[in-house]
Amino acid sequence: QVQLVESGGGLVQPGGSLRLSCAASGTIFSIGIMGWYRQAPGKQRELVATIFEGGSRSYADSVKGRFTISRDNAKNTVYLQMNSLKPEDTAVYYCKAEIKRRSFFAAEDYWGQGTQVTVSS
């Protein structure tokens, strides 16, 4: 049984910063790709950033230069540092992790429940 729990969302003014965290718990053998997605009202869920176990990263064009994804493998946690926030960043942010529960199990994707980020003056 695996659970992902996000935290760190909230209300911030344009130009402000927030740091999101997502911790995985339960029976975990290994974690591969971890990522952050977001979904604004009336829009499709979109990929924001991903990070591989070895540290390689990728970002959506809309957040490049402003957001930084990182991970702490010892804590089974992925972070999203969000700087220079804009109103268009307002969305529910979800984390996803590719997890193997046992060495002989296939990797599966797990999702957190989401955390609200609102950027408004």
Within the side chain of [X], is there an N or O that forms a donor-acceptor pair under 3.5 Å with the backbone of [Y]?
X: Ser84; Y: Gly15; value: no
X: Thr77; Y: Lys75; value: yes
X: Glu6; Y: Cys95; value: yes
X: Thr115; Y: Gly9; value: yes
X: Gln39; Y: Ala91; value: no

Open item on the list: What I'd like to find out is whether the side chain of Thr50 reaches to under 4.5 Å of the side chain of Arg57, using heavy atoms alone.
Closed with: no

Task: Heavy-atom check, side chain of Pro87 versus side chain of Pro14, under 4.5 Å - done: yes

Task: side-chain contact (heavy atoms from CB on, under 4.5 Å) between Leu20 and Tyr79, worked out - done: CA-CA 5 Å; Leu20 306 183; Tyr79 305 92; over 6 Å; no

- [ ] Test Tyr59 against Val48 for side-chain contact (heavy atoms from CB on, under 4.5 Å), laying out the working first.
- [x] CA-CA 6 Å; Tyr59 298 93; Val48 175; 5.9 Å; no

Considering non-hydrogen atoms only, spot the tightest contact between [X] and [Y] and give its length.
X: Val12; Y: Gly16; answer: CG2-CA, 3.7 Å
X: Val78; Y: Ser70; answer: CG2-O, 3.2 Å
X: Arg71; Y: Ile51; answer: NH1-O, 3.2 Å
X: Leu4; Y: Ala97; answer: CD1-N, 3.8 Å
X: Asn83; Y: Ser17; answer: OD1-OG, 2.9 Å
X: Asn76; Y: Met34; answer: O-CE, 4.3 Å

- [ ] Please lay out, stage by stage, how Val2 and Ile28 fare under the test side-chain contact (heavy atoms from CB on, under 4.5 Å).
- [x] CA-CA 7 Å; Val2 174; Ile28 298 171; 4.1 Å; yes

Open item on the list: Please determine whether the number of non-hydrogen atoms from other residues, nucleotides or ligands lying under 6.0 Å from atom CD of Glu88 exceeds 12.
Closed with: yes

Open item on the list: Does Gln116 have more than 12 heavy atoms from other residues, nucleotides or ligands lying within 6.0 Å of its CD?
Closed with: yes

- [ ] Inspect the contact between Asp89 and Lys86 and indicate whether a charged nitrogen and a carboxylate oxygen are less than 4.0 angstrom apart.
- [x] no

Rounded to the nearest 0.5 Å, what's the gap from [atom1] on [X] to [atom2] on [Y]? Could you check?
X: Tyr93; Y: Leu18; atom1: OH; atom2: CG; answer: 9.0 Å
X: Ile33; Y: Lys96; atom1: CD1; atom2: NZ; answer: 8.0 Å
X: Tyr110; Y: Glu98; atom1: OH; atom2: CD; answer: 11.0 Å
X: Leu80; Y: Phe67; atom1: CG; atom2: CZ; answer: 6.0 Å
X: Ser30; Y: Arg101; atom1: OG; atom2: CZ; answer: 12.5 Å
X: Ser121; Y: Leu11; atom1: OG; atom2: CG; answer: 10.0 Å

- [ ] Give a yes or no on whether the ring-centroid distance for Tyr37 and Trp111 is below 6.0 angstrom.
- [x] yes

Open item on the list: According to side-chain hydrogen bond (donor to acceptor under 3.5 Å, both in side chains), who are the partners of Arg19, at least two apart in sequence or on a separate chain?
Closed with: none

Task: Intermediate values then yes/no, side-chain contact (heavy atoms from CB on, under 4.5 Å), Lys100 and Glu108 - done: CA-CA 6 Å; Lys100 292 184 69 176; Glu108 299 175 281; over 6 Å; no

- [ ] Measure from NZ or CZ of Arg38 to the centre of the six-membered ring of Tyr94 and say whether it is under 6.0 Å with the direction within 45° of the ring axis.
- [x] no

